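Below: one structure, written as structure tokens.
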Amino acid sequence: SLYKNKKKSLVFVLFFAILALISIFISNKYLIELPKKGGIVNEIIIGSKVRFINPTIAISQVEKDMLPLIFSPLASRDRSGQIFESIANITPNDDKKSYLITLRDDIKFSNGQTLTSDDIIFTINKIKDPFIKSPLFSEFFGLHTKKIDDFNLEISMEKEYDQITNTFTKLYILPKKP
């Protein structure tokens, strides 16, 4: 009788050991780990000097790589390269020379200030300022902004420009108020 109990216990242990191995195999093959929200991301760049952490005057590739870590663009690209609106709804008008930008009202800068249309107009004006000599100057030349209210503005161009949404992906927003 003692031998039968040991035999049953051994079968029981082997059954659960095999079940554990199968579950480990399945979890490693079909499940993926997702990062938890929060925490800190540290990035180090070796062998390069960063001169400007300002989206209107970033020149080197290192500086441009740092921009998405600090600033948000008006529009973004997903992994497949498609443009999507991350902080604003961008609606082209019928003439295709002007766009209505409607900002989300829940977007804030790291200092707690709400992103407004004044911030976008401020950033575009800095890019267009010939004294600053922004590398984005040519893409924003001839572009005009008109504030409608705190969360709506109109961006218009002198002539139709098909790549304007691509330009919006390069428009990292600076706060008007420091």
Side-chain angles (χ1 to χ4, degrees), residues 1-92 99-120 123 135-136 139 150-153 155 162-178:
S1 138
L2 185 62
Y3 178 71
K4 278 187 172 183
N5 286 340
K6 283 186 180 182
K7 190 175 180 183
K8 284 182 184 179
S9 297
L10 183 61
V11 169
F12 183 73
V13 168
L14 283 176
F15 173 75
F16 280 109
I18 291 171
L19 187 63
L21 288 173
I22 291 172
S23 67
I24 290 171
F25 171 74
I26 289 173
S27 69
N28 286 341
K29 187 170 183 174
Y30 296 105
L31 299 178
I32 58 172
E33 288 187 35
L34 297 175
K36 293 181 181 178
K37 288 190 177 192
I40 297 172
V41 174
N42 293 320
E43 184 167 312
I44 185 167
I45 301 167
I46 298 173
S48 254
K49 290 185 180 179
V50 176
R51 292 180 45 204
F52 305 113
I53 306 177
N54 182 333
T56 62
I57 55 176
I59 297 170
S60 73
Q61 191 59 47
V62 173
E63 294 165 350
K64 291 176 185 177
D65 289 344
M66 288 180 65
L67 291 179
L69 299 173
I70 303 166
F71 302 98
S72 292
L74 190 59
S76 299
R77 291 190 184 276
D78 61 15
R79 289 184 183 202
S80 66
Q82 297 296 320
I83 295 175
F84 69 94
E85 299 143 348
S86 56
I87 63 171
N89 185 16
I90 303 169
T91 308
Y99 289 80
L100 176 66
I101 311 294
T102 303
L103 298 172
R104 289 177 31 195
D105 60 358
D106 62 338
I107 304 294
K108 297 190 182 299
F109 288 103
S110 60
N111 64 2
Q113 294 180 26
T114 302
L115 174 75
T116 65
S117 55
D118 290 330
D119 299 314
I120 296 183
T123 304
L136 300 172
E139 293 186 53
D150 281 346
F151 297 104
N152 293 290
L153 71 140
I155 295 179
D162 291 340
Q163 295 298 316
I164 191 68
T165 51
N166 187 47
T167 300
F168 291 153
T169 64
K170 299 173 188 173
L171 181 61
Y172 290 92
I173 312 301
L174 288 170
K176 182 178 181 180
K177 298 174 192 168

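No hydrogens, no waters, no symmetry mates; every other heavy atom, side chains included, goes into these values. Values in this document were obtained by computation on a predicted structure and should not be read as measured data.
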**OP:** Check side chain to side chain contact (heavy atoms under 4.5 Å, CB included) between Phe12 and all other residues, then give those that pass, not counting sequence neighbours.
**Re:**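 Here the qualifying residues are Phe16.
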
Original post:
What residues form a side chain to side chain contact (heavy atoms under 4.5 Å, CB included) with Ile22, not counting sequence neighbours?
Top reply: Ile18, Ile26

My understanding is that only residues two or more places apart in sequence, or in another chain, count here; which of them pass side-chain hydrogen bond (donor to acceptor under 3.5 Å, both in side chains) with [X]?
| X | result |
| --- | --- |
| Asn111 | none |
| Ser80 | Asp78 |
| Gln61 | Asp65 |
| Thr165 | none |

Please tell me if the side chains of [X] and [Y] come closer than 4.5 Å, counting only heavy atoms from C-beta onward.
| X | Y | answer |
| --- | --- | --- |
| Thr56 | Thr123 | yes |
| Ser86 | Phe84 | yes |
| Leu74 | Leu103 | yes |

Closest non-hydrogen atom pair between [X] and [Y], with its separation:
| X | Y | result |
| --- | --- | --- |
| Tyr99 | Ile90 | CD2-CG2, 3.8 Å |
| Phe151 | Leu115 | CE2-O, 3.5 Å |
| Lys64 | Pro68 | O-CD, 3.4 Å |
| Ser23 | Ala20 | OG-O, 2.8 Å |
| Pro55 | Leu67 | CA-CD2, 3.7 Å |

**OP:** Just grab all the salt bridge (Lys or Arg N to Asp or Glu O under 4.0 Å) pairs involving residues 101-115, residues at least two apart or on different chains.
**Re:**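 Only Arg104-Asp106 qualify under salt bridge (Lys or Arg N to Asp or Glu O under 4.0 Å).
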
**OP:** Could you name each residue pair satisfying salt bridge (Lys or Arg N to Asp or Glu O under 4.0 Å) that touches residues 13-25, not counting sequence neighbours?
**Re:**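 Counting only pairs at least two positions apart or across chains, no salt bridge (Lys or Arg N to Asp or Glu O under 4.0 Å) contact touches residues 13-25.
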
**OP:** Check the surroundings of atom CD1 in Ile53: do more than 12 heavy atoms from other residues, nucleotides or ligands lie under 6.0 Å from it?
**Re:** no

Original post:
In Å, rounded to the nearest 0.5 Å, how long is the span from CD1 of Ile87 to CG of Asp119?
Top reply: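 Between atom CD1 of Ile87 and atom CG of Asp119 there are 9.5 Å.
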
Original post:
Nearest 0.5 Å, what's the CD1-CG distance between Ile155 and Leu100?
Top reply: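 Ile155 atom CD1 to Leu100 atom CG measures 9.5 Å (nearest 0.5 Å).
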
Without placing hydrogens or testing angles, list every side-chain donor-acceptor pair under 3.5 Å for residues 169-178, not counting sequence neighbours.
| from | atom 1 | to | atom 2 | distance (Å) |
| --- | --- | --- | --- | --- |
| Thr169 | OG1 | Asn166 | O | 2.5 |
| Lys170 | NZ | Glu139 | OE1 | 3.2 |
| Lys170 | NZ | Glu139 | OE2 | 3.1 |

